[in-house]
Amino acid sequence: MTFRYSKLKLFYDMLDLIKNNLFILFILFLNAGSNSMFMNIVQWGAIAVFGFSFLFRIYETLFTKVVFAEDGIHIHKGLFSKSEQFIPREKFENVQTQANVLQRLFGVQSITMETGEATSDVTLKFVSKADCIKIGDYVLRNGNQEKQVGEAIHVSERQVLFTTTIRDILKASLLSFSFLAIIPIGLNIWSDVHPEKYINVDTVMSHLSGWLLILLVLLAVFAAVGIGVFKTL
């Protein structure tokens with residue numbers, strides 16, 4: 001069996017890069033009209049890093065070929081400077097699959113074929129569920145590969161060993177400190193909007209009662225924690 005990435009992975013890669021750098025892109029968007037030389041350097045640097053990252057993923061998608069042979073897996077990469085990696089079949093010990101939100105939208109999964117040595121593990125990031133099953137059969141079963149691919153695949157009923165609770169989600173979101181991102185975002189918006197030009201902040205603050213101020217702070221904290229919980233979930 002020979003595996004190549006679908007061209008649809010290019011669209012997924014673009015969305016994945018945007019998702020992974022959403023906070024940076026948001027900050028750059030807020031400072032799009034800035035005349036600061038430092039911000040201009042940061043913006044062009046971010047664009048360059050984003051562009052090179054996307055080009056690398058294009059290269060990986062178009063010029064990666066994985067051959068599942070009887071003796072093992074042959075991984076071919078490159079166009080002009082070609083390389084080949086070979087992992088004997090008997091070295092593989094386990095298969096793990098996972099799918100993030102974007103991968104679920106595309107109906108694909110990420111599959112890792114583990115050998116017990118981190119440097120020899122093989123990971124494919126954009127694989128259909130049907131191909132994941134075939135690859136899992138290849139790694140975990142013995143016998144003729146072509147016979148395995150041709151056989152009808154019966155997926156056994158899975159047993160749920162762990163279910164995430166609300167307490168786990170809250171604990172993970174609080175320990176990740178992702179909710180603190182609201183602080184630099186709020187400060188950046190304040191510095192760009194300059195509300196002191198339109199309202200007298202001191203006058204407004206003097207008219208706020210202590211309880212109302214505490215309520216506003218608590219609402220801001222709950223909003224920040226809510227964003228952190230949503231991101232973790």
Side-chain angles (χ1 to χ4, degrees), residues 1-20 53-165 168-169 172 176 231-233:
M1 181 176 70
T2 300
F3 172 83
R4 288 183 182 274
Y5 282 121
S6 166
K7 303 299 186 295
L8 193 61
K9 181 176 178 291
L10 297 176
F11 186 51
Y12 161 80
D13 286 337
M14 182 177 66
L15 294 178
D16 189 53
L17 281 173
I18 293 174
K19 176 180 71 71
N20 293 337
S53 299
F54 187 53
L55 286 175
F56 175 78
R57 296 202 182 193
I58 292 176
Y59 182 82
E60 177 188 50
T61 300
L62 298 181
F63 305 113
T64 297
K65 181 176 71 171
V66 183
V67 178
F68 296 87
E70 281 299 315
D71 56 345
I73 295 179
H74 302 258
I75 304 173
H76 303 269
K77 293 183 179 181
L79 176 60
F80 300 108
S81 176
K82 296 186 177 182
S83 63
E84 179 180 350
Q85 181 184 6
F86 171 71
I87 302 97
R89 187 173 181 176
E90 59 270 14
K91 290 190 67 174
F92 291 105
E93 300 176 352
N94 190 30
V95 174
Q96 289 199 23
T97 60
Q98 61 180 14
N100 57 32
V101 176
L102 276 180
Q103 288 171 328
R104 290 179 182 178
L105 290 176
F106 284 88
V108 297
Q109 296 177 329
S110 176
I111 183 168
T112 300
M113 292 158 276
E114 300 177 342
T115 62
E117 303 174 8
T119 55
S120 300
D121 290 349
V122 178
T123 300
L124 302 175
K125 302 176 183 177
F126 197 85
V127 186
S128 67
K129 294 180 181 179
D131 284 340
C132 282
I133 295 174
K134 293 178 181 179
I135 293 172
D137 284 348
Y138 170 87
V139 172
L140 300 177
R141 294 184 185 178
N142 295 321
N144 184 273
Q145 178 194 354
E146 294 298 328
K147 182 180 179 181
Q148 291 176 4
V149 174
E151 291 176 347
I153 299 171
H154 301 284
V155 182
S156 60
E157 185 179 353
R158 296 184 178 181
Q159 181 182 3
V160 178
L161 300 178
F162 174 77
T163 302
T164 306
T165 64
D168 295 326
I169 295 173
S176 68
K231 184 176 183 296
T232 304
L233 181 61

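This is a predicted model, so every value here is computed, not measured. Throughout, residue positions are numbered sequentially from 1 according to the sequence presented.
- L124 approaches Y5 most closely through the heavy-atom pair CA-OH, 3.4 Å.
- A perpendicular orientation is assigned to the rings of F106 and F11, their planes being inclined by more than 60° (bins at 30° and 60°).
- Annotation: salt bridge (charged side-chain N to carboxylate O under 4.0 Å, His left out) contacts of E60 (sequence neighbours excluded): K9.
- Here the closest heavy-atom approach between residue I87 and residue F92 is recorded as CG2-CZ, 3.5 Å.
- Atom OG1 of T112 sits about 10.5 Å away from atom CD1 of I135, to the nearest 0.5 Å.
- In summary, D137 and K134 do not engage in a salt bridge, as defined by a charged side-chain N under 4.0 Å from a carboxylate O.
- Between V108 and A99, the shortest heavy-atom contact is O-CB, 3.8 Å.
- Few gaps surround OH on Y59; more than 12 heavy atoms of other groups in view lie less than 6.0 Å from it.
- In terms of heavy atoms, D71 sits closest to E90 at O-OE1, 4.4 Å.
- Remark: the backbone N or O of G72 is paired with a side-chain donor or acceptor of Y138 at under 3.5 angstrom.
- For the salt bridge (charged side-chain N to carboxylate O under 4.0 Å, His left out) test, no residue two or more places apart in sequence or in another chain qualifies with K125.
- Note that CD of E84 and NE2 of H76 are 4.0 Å apart. Values are rounded to the nearest 0.5 Å.
- By the neighbour-count criterion of 12 heavy atoms within 6.0 Å, atom NZ of K129 is sparsely surrounded, having that number or fewer from other residues, nucleotides or ligands.
- R57 and L10 get closest at one heavy-atom pair: O-CD2, 4.5 Å.
- Nearest heavy atoms, N94 versus L140: CA-CD2, 4.2 Å.
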